[in-house]
Each structure stands twice: as C-alpha cells, then as structure tokens.
Amino acid sequence: MKPWLGEEEAEAAAAAVRSGWVAQGPKVAAFEDAFARRVAALHAVATSSCTTALHIALHLLDVRPGDEVVVPSLSFIATANAVRYCGATPVFADVEPETGNLSAATVEPVLTDRTRAVILVHQAGVPADVDPLRALCGPRGVTVVEDAACAAGSTYRGVPVGADAEVAAWSFHPRKLITTGEGGMLTTNRAEWATRGRRLREHGMSVSAAERHSGGGAVVESYLETAFNYRMTDIQAAVGLVQLSRLDAIVRRRRELADRYHDLLADVLGADVPGLRPVRDPGHGTTNYQSFWVMLPDDLPVERNDVLARLAERGVSARRGIMAAHLEPAYADHPRVDLPVTEAFTRRSLILPLYHDLTAADQDTVVEQLKAALHAPLVSR
C-alpha cells in the first residue's frame, strides 16, 4: 500500500522540529485529542506502535503467567506475540469465513477458567461483530480487547469501530490508511486506564517529560512501577494530525476503488471463476478497505503462490493474504489446533493493489492479469 503523503505532512514535521519539541510533547497531546474525537473514544494514548499499545492494554488488565488470552491465528503475528510478552498463553480460535474475524461462535469453544481476555481483530479493516462477543465474555469476567490496527475509518452499527471498546489498539504503520511512519494509539473510555497507560509508556514516571519541562520551577519525578519506553515523537504526531484530517477522503476514495474492483471481478472473472470471493462489507458495518483481499475457490487447479508469481511476472504487485501465526516457526512449539477456516484463508487468499492514486487503467490491468494468471497452463512441479 502506498500512503497518501505530501508537502503538508513534510511542513508539519519540519514545524515540529523548529518548535524545539522533537520527542513526546504538545503535538502528541493534540494528536491524542483529535484521534479520540475521531473514533468517539473518551481517551487516547499515543504509543510507538500498535504492538506496544496491545502490550500496554494487556498490562492494564494485569495479564500474567498462567493466564490465557484468546486470539485469532489469522492476524499479523504481533497479536499473539503481545500475549507472550506478558508471559501468558495465546489460545488460537478460528474465524468466520465471510469476514476473517473471530466471533462469539468461534471463541466460545476455547474459553476456559484461565481466560483473561480476548483480542478481537478487525482484520484488514473489516469490522468484527463485537456485541455478541461482549455478551459472551462479559458475564465470565473476560475483557474484549479490540485490535483495530487496520480499522481507522471503519464503522460498526453506525458508529466508528472502537467507539464503545473498553480498550482498543491502533496502528499508523505505512500500510495503514493513515501513517506516522511508525506509531500506534491506545483508546479507552476509562480515565484511570488512560492515566496509567501514559505512565506505562514512559518508564512509569509520575510526571511526563513534557509536563516537567513546561511546568516552571523544579519538578522532581518519581518512578511508580517498572514500565516501558513506548513513546511517540512530536514529529510523528505532527504528521499524524495532517493524515487524520484526510481520513474521510481516504476512506471515500478506497471505497470507490473497491466498488470498481467488485464490478470488474464480476464482469471479467464471474463466469470463468465461480466461487471467487472478494472482501465486502459485513451486514453489521462498513470496511475502510485497508486491504482488498480475494479468496480463490478451493477447487481452482492452481495454487495461490503460483498466481502471485504469475502476477509478478506480468508487473502486478499482489501480496499473499493474511498470515496464520500458528503456522509460523515462532509457534512451532505451540499446541496444535484445528483451524480449518484460518488455514483456508491463509492458503487461498491474495491481496490486490489498492492505494489512493490507483487509476481505472491500473485496475483494468490488475483484473485482466489476474484472469490470465488463473488460466495460465500449470507448471510441472
């Protein structure tokens, strides 16, 4: 994905440097306020990445060794890794075939009396059906942590994704709709969690560095707990503020491009490749189309990786679909689980190019070359 960056972001970053605030300071605070308003959360805490925001979220829940946290394997590996950072055990659950997301139905079979939390990923910007999962987990004392890394600009039942979350984590990696280069955000409606989250990101200091320097007079901080260095810089936040002001336009453009992909795929491939399934809005919300994935039918006599290779030969830079963490070497010693939908997703999905300045001619080429790649003669193995 090519982020929409321009001169305004460059000038904002330069202005932050000229101000003298290079590290975490007033621009970070302004970005937090603006982001909280945009996603209809009461509080936001800027961090160095979505991974560190997830780690802080689990720390706020006091997740520790002996606890279990349910996660999808169908997610970037950071989702499961954040659980391991706390010494707890990630428990993999399968996902729904229509959305690639966890649901109450897929989570309930793996809940135990050791389950402390569920990390619900809004995968590739497709909103997960949160309410039934909260209804399942709430009475059990299990907190739903929303991994909204890809979901800025997506909606759930008419409100922004994450609006009602106890705690949610967001990413500003360059593959996301808005970027700060690297960076993340934790949002919550609990003031005490926001206060502690800000402390945890800054070594456990009782007074932030920005407050210490702007307070006047001598301010002596204390360190209240063992914590982390998970801060965002003012340079990043200045870029983030510009990017955030463009979010509505970015989502609108991506949804226009996605609509055209849907039409092209139906016209060019519909009769030739029955069962080809592109990502769409679920009934309970709208996606920002952070990624445009396509599921290849299981009976297609060509492997997904062969299709990717053929597209690359034709100048189309598609990517494999969403990874499955439980199949990675880092989790080779993890108990094996039966995740048929997850494995179908990671084996048969691919992601088509989708970025702001993609042209109609580009899309025509992508779909025509996809058709050619799907129907090319099989190479002997």
Side-chain angles (χ1 to χ4, degrees), residues 70-76 79 92-110 118-137 144 146-162 165 251 254-255 257-266 269-270 273-300 304 307 318-327 337-352 354 370 374:
V70 177
V71 299
S73 171
L74 191 76
S75 181
F76 186 58
T79 304
F92 293 120
D94 214 349
V95 296
E96 294 293 341
E98 295 81 14
T99 63
N101 290 328
L102 295 182
S103 68
T106 66
V107 167
E108 186 170 20
V110 300
V118 175
I119 299 181
L120 179 64
V121 180
H122 301 282
Q123 192 53 257
V126 179
D129 198 0
V130 183
D131 289 347
L133 189 58
R134 288 179 183 150
L136 170 70
C137 293
V144 176
E146 296 186 38
D147 182 339
C150 300
S154 298
T155 68
Y156 177 68
R157 302 197 185 281
V159 299
V161 160
V251 173
R254 295 181 78 83
R255 288 182 62 82
L257 292 168
D259 285 345
R260 192 166 190 277
Y261 262 144
H262 286 135
D263 292 342
L264 284 173
L265 290 169
L269 290 173
V273 190
L276 186 83
R277 184 165 57 84
V279 59
R280 293 185 182 275
D281 288 334
H284 52 259
T286 62
T287 177
N288 61 9
Y289 287 105
Q290 186 268 339
S291 293
F292 191 93
W293 52 257
V294 175
M295 278 288 289
L296 304 178
D298 281 335
D299 59 358
L300 194 71
R304 188 275 315 278
V307 175
R319 295 188 293 116
R320 73 167 184 170
I322 303 157
M323 67 178 293
H326 78 286
L327 300 178
V337 288
D338 185 26
L339 302 173
V341 178
T342 293
E343 293 188 10
F345 253 104
T346 202
R347 184 182 71 251
R348 303 298 285 176
S349 63
L350 57 85
I351 296 173
L352 299 181
L354 184 67
L370 177 60
L374 292 175

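Note that the structure is predicted; figures quoted are calculated from it, not measured. Note that the numbering runs from 1 along the sequence shown for the chain.
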Side chain to side chain contact (heavy atoms under 4.5 Å, CB included) filter on D298, not counting sequence neighbours, yields R347, R348
### Task
For the residue pair D281 and T287, confirm or rule out a side-chain donor-acceptor distance under 3.5 Å.
no
Measure from the side-chain N and O atoms of H262 to the backbone N and O of P278, and report whether any donor-acceptor pair falls under 3.5 Å. no
Sorted by chain and residue number, the side chain to side chain contact (heavy atoms under 4.5 Å, CB included) partners of V110 (sequence neighbours excluded) come out as V70, V91, A93
Sequence neighbours excluded, the answer for side chain to side chain donor-acceptor pair (under 3.5 Å) partners of R320 is none
Quiz item: Okay, side chain of H326, backbone of P72: is any donor-acceptor separation there less than 3.5 Å?
Solution: no
For T346, the side chain to side chain donor-acceptor pair (under 3.5 Å) test, sequence neighbours excluded, returns none
Residues passing the ring-ring contact (aromatic ring centres under 6.0 Å, His included) test with F345, sequence neighbours excluded, are W293
One should read off an interatomic distance between L370 CG and L265 CG, to the nearest 0.5 angstrom, of 7.0 Å
What one should report as the nearest heavy-atom pair of V161 and P127 is CG2-CB, 3.9 Å
Sorted by chain and residue number, the side chain to side chain contact (heavy atoms under 4.5 Å, CB included) partners of A325 (sequence neighbours excluded) come out as S73, I77, F92
With sequence neighbours left out, the residues meeting ring-ring contact (aromatic ring centres under 6.0 Å, His included) with Y261 are F292
Without swapping roles, check the side chain of R255 against the backbone of Y289 for a donor-acceptor pair under 3.5 Å. no
Across all chains, not counting sequence neighbours, the side chain to side chain contact (heavy atoms under 4.5 Å, CB included) partners of P109 are none
For D131, the salt bridge (Lys or Arg N to Asp or Glu O under 4.0 Å) test, sequence neighbours excluded, returns R134, R157
Fill in: Pair L102-V121, side-chain contact (heavy atoms from CB on, under 4.5 Å): steps then yes or no
CA-CA 7 Å; L102 295 182; V121 180; over 6 Å; no
Residue set satisfying side chain to side chain donor-acceptor pair (under 3.5 Å) with R280, at least two apart, ordered chain then number -> none
Residues passing the salt bridge (Lys or Arg N to Asp or Glu O under 4.0 Å) test with R277, sequence neighbours excluded, are none
Would you find a donor on one side and an acceptor on the other, under 3.5 Å apart, between the side chain of R304 and the backbone of S349? yes
Quick note, side-chain hydrogen bond (donor to acceptor under 3.5 Å, both in side chains) partners involving residues 99-110, not counting sequence neighbours, are E96-S103
